[in-house]
Amino acid sequence: MTGLGTPPSAPLAVTVLSGGVGGARFLQGLLHLLRSTGTEAEVTVVANTADDIWLHGLKICPDLDTVMYTLGGGIDEERGWGRTDETWHARDELAAYGVEPTWFGLGDRDLATHLVRTQMLDAGYPLSDVTTALCARWQPGVRLLPMTDDRVETHVVIEDPDEPSGQRAVHFQEYWVRLHAEVPARAVVPVGIEQSGPGPGVLEAIGGADLVLLPPSNPVVSVGTILGVPGVRDAIRSTSAPVVGLSPVVAGSHVRGMAAQLLAAIGVEVGAGAVAEHYGARDRDGVLEGWLVDTADAADVARVEAAGVRCRAVPLMMTDHVATAAMAAAAFELAGLPVPGHGRQQP
Ligand code: GDP
Ligand code: CA
């Protein structure tokens, strides 16, 4: 750990545990902050891969691709996922053959990414190498690491009156994309996680960081699964870097996504303070030193601090890069690190 004593030549090492859309938008703000202040930094992103799915013989990694496309300028900004200027001919042709599933949005441009990835995996390259190769095109400006090279898949146990047991497990993508998270979820099961190991560089990126950030990503199926990879939680607990998180819940709502349903499924109240308690304080068996809540949740600050986590209320709506950069700056401040650009204009 270097921290305050960092010599001016050593870039600041920031490690972010990210899901898809929420993590990627936060990363845009973080990079905006670092670039606009001329701060030399190396940002490493440990991305969730438990949303990954095999479809039509292709390996699809939604969170890795969302981060890669968003930071590489290829994302469809309005949808928040997939490629800009996308067309859907292949999907329509598959549907014309009656091939299932038809509910997953496989765009023509996006398809090329999955083809390259699957070919490389078939040739024996691990997902981490494949990701590096894909990023050579997109130049996301961060080091993008899959949380694991092993196969881990989040399944959601949903209520189903047609089943004798009254329930059935579906892949997370089916729960979210086909069922729109509208059926009651009873449990979230990251299949294969216990047998998985951290991807190359993941533990080193956490152990060698000056700052570890939990962006406002889904605490259950994004950050939760990353922390579930054996070794990751221990690395977070033992790194000398401060660990600061930003609440993905604002005023009792998940803003966009399905965090509320899944928090309820794992028995966590849908609140900014409750999510901090769920992560826990690092000096009390948890992972956090600091937690930012939205100004709408200022009433939760005392509760979070009582749980042993330093807390501040600041605006947490990622409306544009500038607003999101301010969130990242607040995280530096809460971590006790110099805020990039702070004092630059002073004589
Ligand atoms: P996903 O993998 O695409 O679902 O993306 P993430 O897991 O990285 O992030 C999704 C989460 O981001 C959602 O569950 C929301 O709780 C959170 N989120 C989205 N937009 C905002 C925002 O503007 N502010 C905050 N604080 N959280 C947000
Ligand atoms: Ca995701």
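In this text, all values refer to a predicted model and were calculated from it rather than measured experimentally. Counting starts at 1 for both ligands and their atoms, following the listed order. Computed over heavy atoms, backbone and side chain alike; hydrogens, waters and symmetry mates excluded.
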- [ ] Do me a favour and list the nearest non-hydrogen protein atom to atom 24 (N) of ligand 1 with residue, atom name and distance?
- [x] Leu316 O, 2.7 Å
Task: Passing option when Pro190 is tested against Asn48, Thr225, Val229 for side chain to side chain contact (heavy atoms under 4.5 Å, CB included) - done: Thr225
Task: Atoms of ligand 1, numbered as shown, that sit under 4.0 Å from any heavy atom of Asp63 - done: 2 (O)
Open item on the list: Any nitrogen or oxygen of Val255, side chain or backbone, less than 3.5 Å from one on ligand 1?
Closed with: no
TODO: Please assess Arg303 against Glu269 for the test salt bridge (Lys or Arg N to Asp or Glu O under 4.0 Å), listing each intermediate value before the final yes or no.
DONE: CA-CA 13 Å; Arg303 170 179 177 177; Glu269 181 198 325; 3.2 Å; yes
Task: CZ-CG distance between Phe332 and Leu211, expressed to the nearest 0.5 angstrom - done: 5.5 Å
- [ ] Look at Glu100 together with Arg178 and state whether they make a salt bridge at an N to O cut-off of under 4.0 Å.
- [x] no
- [ ] For ligand 1, find out whether one of its N or O atoms is nearer than 3.5 Å to an N or O atom of Pro248.
- [x] yes
Task: Atom indices of ligand 1, in the order listed, that fall short of 4.0 Å to a heavy atom of Gly23 - done: 8 (O)
TODO: Is it possible for you to say whether Leu214 and Val275 belong to one hydrophobic cluster, with membership spreading through side-chain heavy-atom contacts below 4.5 Å?
DONE: yes
Open item on the list: Return the closest protein heavy atom for atom 2 (O) of ligand 1 as residue, atom name and distance.
Closed with: Gly20 N, 2.8 Å
TODO: Below 4.0 angstrom from a heavy atom of Val250, which ligand 1 atoms are there? Numbered from 1 as shown, please.
DONE: 26 (N)
Task: Tyr125 OH: over 12 foreign heavy atoms closer than 6.0 Å - done: no
TODO: Please calculate the OD2(Asp51)-the Ca ion (ligand 2)-OD1(Asp63) angle and round it to 10 degrees.
DONE: 100°
Task: SB check Arg79 Glu86 (cutoff 4.0 Å) - done: no
- [ ] With rounding to the nearest 0.5 Å, note down the distance linking NZ in Lys59 to CG in Asp52.
- [x] 4.5 Å
Open item on the list: Checking the N or O distance criterion of under 3.5 Å, is ligand 1 in contact with Gly22?
Closed with: yes
Open item on the list: Assess whether a salt bridge exists between Glu159 and Arg186, defined as any Lys/Arg side-chain N lying under 4.0 Å from an Asp/Glu carboxylate O.
Closed with: yes
TODO: Mark the output for Ser18 as yes if a heavy-atom distance to ligand 1 is under 4.0 Å, and as no if none is.
DONE: no
Task: Met258, any N or O under 3.5 Å of ligand 1 N or O - done: no
Task: Location of contacts on Ser217 toward ligand 1, heavy atoms closer than 4.0 Å - done: both
Task: Distance filter under 4.0 Å to Ala259 heavy atoms, resulting ligand 1 atoms - done: 14 (O)
Open item on the list: Give the atom numbers and elements of ligand 1 that come within less than 4.0 Å of a heavy atom of Pro216.
Closed with: 9 (O), 11 (C), 12 (O), 17 (C), 18 (N), 25 (C), 26 (N), 27 (N)
Open item on the list: At under 4.0 Å between heavy atoms, is it the side chain or the backbone of Asn218 that contacts ligand 1, or both, or neither?
Closed with: both
TODO: Kindly check if the number of other-residue, nucleotide or ligand heavy atoms within 6.0 Å of CD (Glu194) is above 12?
DONE: no
Task: ligand 1 atoms in contact with Arg256 (distance to a heavy atom under 4.0 Å) - done: 13 (C), 14 (O), 15 (C), 19 (C), 20 (N), 21 (C), 23 (O)
Task: atom 23 (O) of ligand 1: nearest protein contact (heavy atom, Å) - done: Met318 N, 2.8 Å
Task: Side chain, backbone, both or neither: the part of Val21 lying under 4.0 Å from ligand 1 by heavy atom - done: both
Open item on the list: For atom 15 (C) of ligand 1, what's the nearest protein heavy-atom neighbour? Residue, atom name and distance, please.
Closed with: His254 O, 2.7 Å
TODO: Using a 4.0 Å heavy-atom threshold (strictly under), name the region of Thr319 that reaches ligand 1: side chain, backbone, both or neither.
DONE: neither
Task: Among Thr44, Thr131, Thr132, the one residue meeting side chain to side chain donor-acceptor pair (under 3.5 Å) with Arg143 - done: Thr44
Open item on the list: List ligand 1 atoms under 4.0 Å from Ser222, heavy atoms only on the residue side.
Closed with: 2 (O), 6 (P), 7 (O)
Open item on the list: Please find the pair of heavy atoms, one from Pro101 and one from Leu55, that lie closest to each other, and give the distance.
Closed with: CG-CD2, 3.4 Å
TODO: Kindly compute the distance separating CH2 (Trp176) from OG1 (Thr154), expressed to the nearest 0.5 Å.
DONE: 14.5 Å
Task: Protein contact to atom 26 (N) of ligand 1 [nearest heavy atom, distance to 0.1 Å] - done: Ser247 O, 2.8 Å
